[in-house]
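Have a look at the structure below before the remarks.
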2 protein chains.
Amino acid sequence: MVELKSFLENSFSMEGLDCELASGLAALARPFSVKPGAILFEAGDPGNGCYAILEGSLKVSIVSVDGDEQLLAVMGPGSIVGELALLDGRARSANVTALKPTRLAFIEKHRFERFADENPALYRHMLSIVGSRLRQANDVLAARSFLPLPGRVAQTLLQLAETFGKPVDNGRVLIHYKLSQADIANMAGAARENVSRVLNDWKRAGTVSRISGYYCLENPDWLRQASAL
Amino acid sequence: MVELKSFLENSFSMEGLDCELASGLAALARPFSVKPGAILFEAGDPGNGCYAILEGSLKVSIVSVDGDEQLLAVMGPGSIVGELALLDGRARSANVTALKPTRLAFIEKHRFERFADENPALYRHMLSIVGSRLRQANDVLAARSFLPLPGRVAQTLLQLAETFGKPVDNGRVLIHYKLSQADIANMAGAARENVSRVLNDWKRAGTVSRISGYYCLENPDWLRQASAL
DNA sequence: CCGCAACAGTGACGATGATCACACAATGCG
DNA sequence: CGCATTGTGTGATCATCGTCACTGTTGCGG
């Protein structure tokens with residue numbers, strides 16, 4: 001499957017890995033597909049490898065005992081998920097669920113390590129991925145600590161724009177992904193109703209808009225301001 | 001300085017690195033000391049290496065524009081700080097300040113990479129450190145999302161016990177470190193006054209006590225329960 | 001041993017944001 | 001094409017927790 005291989009290479013290199021390593025890795029990967037709603041794994045499961053997203057999207061979340069959900073991220077093609085299990089051998093720390101029909105490549109821990117031992121650049125790459133995850137986690141925590149609700153919503157939108165944003169004109173950014181307010185609320189750690197209020201204030205003020213169901217950031221700089229610590 | 005070298009080896013191996021690598025690393029490190037209150041670095045500084053703590057303690061924190069502080073961790077001997085800058089080349093993401101007179105070893109990014117490229121096990125080790133940081137960050141975020149104030153305080157105490165805890169009898173754990181309520185509050189993300197109330201409730205209920213200025217967890221299991229998601 | 005400074009306890013009050021209870025779109029499907 | 005399901009807008013109320021304003025305590029340096 002030439003097509004698959006090129007997909008994989010593309011995917012791995014998306015998070016910045018160089019080409020020959022990507023294809024080496026691609027050779028180790030086992031591709032497969034899942035339907036929306038499928039659970040890749042849940043927190044506490046033993047983790048024996050990681051996944052690269054070729055196509056589709058997944059959500060990473062943690063849930064409380066009484067069912068409340070905290071979304072950590074929504075990830076699209078080119079992202080790696082489940083990488084923590086690759087590092088230490090410990091259990092999965094979050095839930096990952098498919099949001100859309102999704103094509104994935106699974107990389108087993110052993111194989112990864114064998115390959116990476118001969119290609120330390122791969123370790124460096126992994127390190128930089130995990131590093132940016134950690135930075136982001138700290139940013140979110142900072143937002144939770146210091147920002148009132150609107151600031152956290154702003155942060156959430158910008159974060160989503162990072163993953164799904166398509167720049168249009170004048171610095172406006174369209175978030176090319178169907179998001180419900182509930183999704184945003186679960187990321188921002190707020191009640192859906194309040195997110196609604198904030199979003200409407202902004203819509204009226206012209207900082208965001210909705211274009212045929214997609215949110216559009218009319219003024220990302222203003223949002224950045226609002227989410228500054 | 002034989003003494004220093006053995007200190008270093010001991011330090012690096014504390015987070016689980018094997019002995020020969022530790023001494024290899026030790027050879028790369030530049031030792032120095034700082035006084036309490038000294039700022040190792042602040043968020044936004046360019047980061048060109050990481051530090052191993054030989055002796056003393058540091059706090060890792062982020063601060064908001066209006067000066068509120070969120071403690072991410074208090075770290076003691078054997079811990080590594082500033083490792084993020086080692087991974088990607090990006091700026092420091094938090095502040096690190098000495099709390100006590102502290103002896104450190106600085107490892108430069110270049111040197112580290114050169115050494116690690118020949119010893120991939122070191123990369124793996126680094127990966128597992130960063131991995132556990134990320135796990136912990138997620139735990140804290142989960143607590144913020146789901147737990148009311150007492151739960152977060154419980155989590156904070158347990159986390160501190162992880163770093164500074166000395167088991168005494170019957171599963172009781174003494175936190176061998178001078179902590180003010182303000183410190184705990186800044187970790188738990190709560191107002192000092194409310195932490196005071198919670199702590200007193202627990203003192204009266206016998207779940208925690210103060211033994212000559214140190215907090216002692218009389219019933220860690222109960223606290224774990226209280227901080228369960 | 002005294003006095004100051006940092007730390008700790010406690011009440012009162014208020015604001016932020018969660019929850020409840022709806023009416024009102026949209027969307028999709030038989 | 002209607003009906004159902006899922007998403008959205010908005011007010012009213014309530015609880016948690018932060019803030020303010022103190023008093024009481026502890027420990028340390030002169």
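Computed from a predicted structure; not experimentally measured. All chains are named by letter (A, B, ...) in the order of the sequence lines, taking the proteins before the strands, and each is independently numbered beginning at 1.
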Heavy-atom closest contact ([X] atom, [Y] atom, distance):
| X | Y | value |
| --- | --- | --- |
| Ala161(A) | Val173(A) | CB-CG1, 4.1 Å |
| Asn138(A) | Ser93(B) | ND2-OG, 4.3 Å |
| Ile184(B) | Tyr215(B) | CD1-CE1, 4.1 Å |

Got a sec, which residues hit side-chain contact (heavy atoms from CB on, under 4.5 Å) with [X], two or more places apart in sequence or on another chain?
| X | answer |
| --- | --- |
| Val60(A) | Leu72(A), Met75(A), Val81(A), Ala94(A), Val96(A) |
| Ala43(A) | Asn95(A) |
| Arg197(A) | Glu193(A), Asn194(A) |
| Glu69(B) | Lys59(B), Ser61(B), Val63(B), Leu71(B), Asn186(B) |

Close N or O pairs between protein and nucleotides 13-17 of chain D (under 3.5 Å):
unit_1	atom_1	unit_2	atom_2	d
dC17(D)	OP1	Leu149(B)	N	3.0

Can a donor-acceptor pair be found, under 3.5 Å and without considering hydrogens, that links the side chain of [X] to the backbone of [Y]?
| X | Y | answer |
| --- | --- | --- |
| Thr97(B) | Gly37(B) | no |
| Arg92(A) | Gly82(A) | yes |
| Arg90(A) | Ala85(A) | no |

Measuring to OP1 and OP2 of dT8(D), would you say a side-chain N or O of Ser196(A) lies under 4.0 angstrom away? no

Can you check the [X] [atom1] to [N] [atom2] distance for me, whole Å?
| X | N | atom1 | atom2 | answer |
| --- | --- | --- | --- | --- |
| Phe146(A) | dT16(C) | CZ | C1' | 18 Å |
| Tyr214(A) | dG7(D) | OH | P | 15 Å |
| Lys203(B) | dC7(C) | NZ | C1' | 12 Å |

Measure all distances between protein nitrogen or oxygen atoms and nitrogen or oxygen atoms of nucleotides 23-26 of chain C, and list the pairs falling under 3.5 Å.
none

By a strict heavy-atom criterion of less than 4.0 Å, which residues belonging to residues 177-187 of chain A are in contact with DNA chain C? none

Describe, in one word, how the ring planes of Phe106(A) and Tyr51(A) are oriented to each other, choosing from parallel (under 30°), tilted (30 to 60°) and perpendicular (over 60°). tilted

Tell me, please, which residues at least two apart from Asp66(B) pass side chain to side chain donor-acceptor pair (under 3.5 Å). Ser64(B)

Residue pairs fulfilling side-chain hydrogen bond (donor to acceptor under 3.5 Å, both in side chains) with at least one residue in residues 204-213 of chain B, sequence neighbours excluded: Ser209(B)-Glu218(B)

Would you mind classifying the nucleic acid contact of Arg144(A) as base, sugar-phosphate or nothing, using non-hydrogen atoms under 4.0 angstrom? nothing

Without placing hydrogens or testing angles, list every side-chain donor-acceptor pair under 3.5 Å for residues 143-157 of chain A, not counting sequence neighbours.
unit_1	atom_1	unit_2	atom_2	d
Arg144(A)	NE	Ala188(A)	O	3.2
Arg144(A)	NH1	Ser145(B)	OG	3.0
Arg144(A)	NH2	Gln70(A)	OE1	2.9
Arg144(A)	NH2	Met187(A)	O	3.3
Arg144(A)	NH2	Ala188(A)	O	3.3
Ser145(A)	OG	Leu141(A)	O	2.9
Ser145(A)	OG	Gln70(B)	OE1	2.8
Ser145(A)	OG	Arg144(B)	NH1	3.0
Arg152(A)	NE	Ala188(A)	O	3.1
Arg152(A)	NH1	Leu147(A)	O	3.4
Arg152(A)	NH2	Gly189(A)	O	3.0
Gln155(A)	NE2	Asp139(A)	O	3.1
Thr156(A)	OG1	Arg152(A)	O	2.8

Can you give one letter per nucleotide of nucleotides 20-30 of chain D, 5' to 3': B if a protein heavy atom sits under 4.0 Å from the base, S if only from the sugar-phosphate, - if neither? B----------

Specify the angle, to 10°, made by the local axes at the two ends of the helix from dC1(C)-dG30(D) to dG30(C)-dC1(D) when five pairs are taken at each end. 40°

Name the one of Leu223(A), Leu174(A), Leu160(A), Val168(A) that satisfies side-chain contact (heavy atoms from CB on, under 4.5 Å) with Leu217(A)? Leu223(A)

